[in-house]
Amino acid sequence: LEYLKGRGIGREEILKWKIGYCKEGRYAGRIIIPSINNAGDCNYFIARSYIGADYRYLNPPCGRDIVFNALMVDWDEPVVIVEGVFDAIMIDGIAVQGNHVTAEQAHLINKLNKRVIVCPDRDNAGKEFIEQALTLDWEVSFPPWHTDIKDAADAVLKYGRLATVSSIIQHATGNQLKARVIVYCFALDSRLVYYRSYLYCNRMVFRNTFWTWTLNEIIYKRMQFYSR
């Protein structure tokens with residue numbers, strides 16, 4: 001319970017998501033989070049260590065072509081896709097359990113014909129997730145959160161659920177050029193204050209007449225920084 005509390009998960013979430021734990025056997029010392037399909041059956045589960053094991057996750061040896069939380073997500077609202085299960089729990093989104101969407105997962109999501117927003121983790125793998133999302137014609141979101149925040153779960157702990165979800169939806173874009181420039185700015189500013197870089201991009205880059213000049217200016221300024 002202390003581990004879950006530290007992740008921002010309380011009694012209500014434990015009951016809603018049917019979270020349990022194992023005291024012995026193969027999954028001893030691990031939180032168990034089941035994935036329930038639309039038929040109400042468990043089709044997968046996440047086993048996360050809460051005792052500092054070498055392998056944080058020890059998941060069952062089966063296919064991962066499942067969409068976590070597909071049963072309980074509100075499909076009448078924009079569907080936010082995140083990488084990890086804890087992220088999905090914190091924002092009531094869906095998780096693909098990693099930074100890659102399988103063909104089956106994409107099919108399951110697209111056949112519902114809903115607005116889809118991908119909110120990746122703030123790392124290099126997250127950038128790859130964005131590229132894949134854009135090829136699927138999904139929107140992507142990179143809210144200007146504090147640089148200490150690495151994923152949606154962290155954002156909820158800092159800003160609260162409603163503010164986090166609102167910021168994800170507010171900063172979503174399906175414009176591929178805009179999305180890629182934002183990602184590029186983030187990559188260049190990985191050792192700087194990302195929020196400033198985002199504002200700079202948002203203010204200047206997307207004035208179509210000047211976007212080429214502005215992107216070159218960003219590159220030039222960052223090269224000056226890294227050459228110090």
Side-chain angles (χ1 to χ4, degrees), residues 1-73 80-102 104-105 108 118-130 132 143 145-165 167-168 190-191 194:
L1 290 177
E2 287 301 316
Y3 172 80
L4 292 174
K5 183 178 179 181
R7 299 294 299 258
I9 298 174
R11 177 180 174 81
E12 180 180 346
E13 289 78 21
I14 291 173
L15 294 175
K16 177 180 178 179
W17 302 96
K18 299 176 175 58
I19 300 175
Y21 70 97
C22 287
K23 298 178 64 176
E24 55 187 38
R26 174 178 172 80
Y27 298 102
R30 294 181 180 275
I31 299 291
I32 306 297
I33 306 176
S35 171
I36 310 298
N37 63 19
N38 289 330
D41 300 322
C42 178
N43 59 0
Y44 195 74
F45 65 85
I46 305 299
R48 176 46 159 102
S49 173
Y50 61 85
I51 58 174
D54 292 338
Y55 293 96
R56 292 185 301 169
Y57 291 94
L58 185 62
N59 301 331
C62 60
R64 297 179 61 177
D65 288 335
I66 60 102
V67 177
F68 179 83
N69 194 30
L71 175 65
M72 294 185 286
V73 72
V80 179
I81 300 179
V82 290
E83 296 183 27
V85 169
F86 285 102
D87 299 320
I89 289 174
M90 297 295 276
I91 66 168
D92 201 14
I94 60 178
V96 294
Q97 302 179 74
N99 52 42
H100 178 78
V101 181
T102 68
E104 179 63 22
Q105 288 174 325
L108 290 172
V118 169
C119 183
D121 290 354
R122 306 300 179 93
D123 54 23
N124 288 331
K127 290 185 293 182
E128 297 175 8
F129 193 15
I130 286 180
Q132 187 180 18
W145 296 330
H146 192 277
T147 51
D148 290 342
I149 295 174
K150 66 180 184 299
D151 53 34
D154 283 352
V156 172
L157 291 177
K158 186 174 182 65
Y159 305 117
R161 179 183 176 276
L162 291 179
T164 298
V165 174
S167 67
I168 292 172
S190 60
R191 288 181 288 172
Y194 169 70

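This one's a predicted model, so the numbers in the text were calculated from it and none came from an experiment.
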Novice: Using side-chain contact (heavy atoms from CB on, under 4.5 Å), reason through Phe68 and Val82 one step at a time and then give a plain yes or no.
Specialist: CA-CA 10 Å; Phe68 179 83; Val82 290; over 6 Å; no
Novice: Kindly say whether Arg56 contributes a backbone atom to a donor-acceptor pair with the side chain of Arg30 at under 3.5 angstrom?
Specialist: yes
Novice: To the nearest 0.5 Å, how far apart are CD1 in Ile31 and CD1 in Ile46?
Specialist: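 If I round to the nearest 0.5 Å, the distance is 12.5 Å.
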Novice: Kindly indicate whether the side chain of Ile81, heavy atoms from C-beta on, has any atom under 4.5 Å from the side chain of Val101.
Specialist: no
Novice: Work out which heavy atom in Ala152 is nearest to a heavy atom in Asp87; give both atom names and the distance.
Specialist: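 Closest pair (atom of Ala152, atom of Asp87, distance): N-OD1, 3.7 Å.
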Novice: Tell me which pairs pass salt bridge (charged side-chain N to carboxylate O under 4.0 Å, His left out) where either residue lies in residues 145-157, with sequence neighbours left out.
Specialist: Lys150-Asp154
Novice: Is there a side-chain contact between Phe129 and Asp121, using heavy atoms and a 4.5 Å cut-off?
Specialist: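 Not in contact.
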Novice: Measure the spacing between CD1 of Ile33 and CG of Asn69 and express it to the nearest 0.5 Å.
Specialist: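 Atom-to-atom, Ile33:CD1 and Asn69:CG are 11.5 Å apart.
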Novice: When you compare the side chain of Arg122 with that of Ile149, does any pair of heavy atoms fall below 4.5 Å?
Specialist: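 SC-SC contact between Ile149 and Arg122 ruled out.
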Novice: Lys158 versus Trp145: any side-chain heavy-atom pair under 4.5 Å?
Specialist: no
Novice: Measure the shortest side-chain to side-chain distance between Met90 and Leu157 over non-hydrogen atoms and say whether it is less than 4.5 angstrom.
Specialist: yes
Novice: For a quick test of reading the model, state the closest non-hydrogen atom pair linking Asp92 to Arg161 and the distance between them.
Specialist: CB-NH2, 3.4 Å
Novice: How long is the straight-line distance from OG1 of Thr102 back to CD1 of Ile66, given to the nearest 0.5 Å?
Specialist: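 Separation between the atoms: 9.0 Å.
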Novice: Would you confirm whether Thr164, through its side chain, and Ala155, through its main-chain N or O, come within 3.5 Å as a donor-acceptor pair?
Specialist: yes
Novice: For the residue pair Glu2 and Tyr50, establish whether any side-chain heavy-atom pair is separated by less than 4.5 Å.
Specialist: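 No. Closest side-chain heavy atoms not under 4.5 Å.
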Novice: List in chain and number order the residues that pass ring pair (Phe, Tyr, Trp, His ring centres under 6.0 Å) with Tyr27, two or more places apart in sequence or in another chain; answer none if no residue qualifies.
Specialist: Phe45
Novice: Between Tyr44 and Asn59, is any pair of side-chain heavy atoms under 4.5 Å apart?
Specialist: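 They are in contact (side-chain heavy atoms under 4.5 Å apart), so the answer is yes.
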Novice: Sequence neighbours excluded and cut-off under 3.5 Å, please list the side-chain donor-acceptor pairs for residues 5-22, or say none.
Specialist:
| unit_1 | atom_1 | unit_2 | atom_2 | d |
| --- | --- | --- | --- | --- |
| Arg7 | NH1 | Tyr3 | OH | 2.8 |
| Glu13 | OE1 | Gly10 | N | 2.9 |

Novice: Might you point out which heavy atoms bring Pro34 and Cys42 nearest each other, and give the distance in Å?
Specialist: CB-SG, 4.0 Å
Novice: Could you check whether any side-chain heavy atom of Leu108 comes within less than 4.5 Å of a side-chain heavy atom of Asp65, counting everything from C-beta outward?
Specialist: no
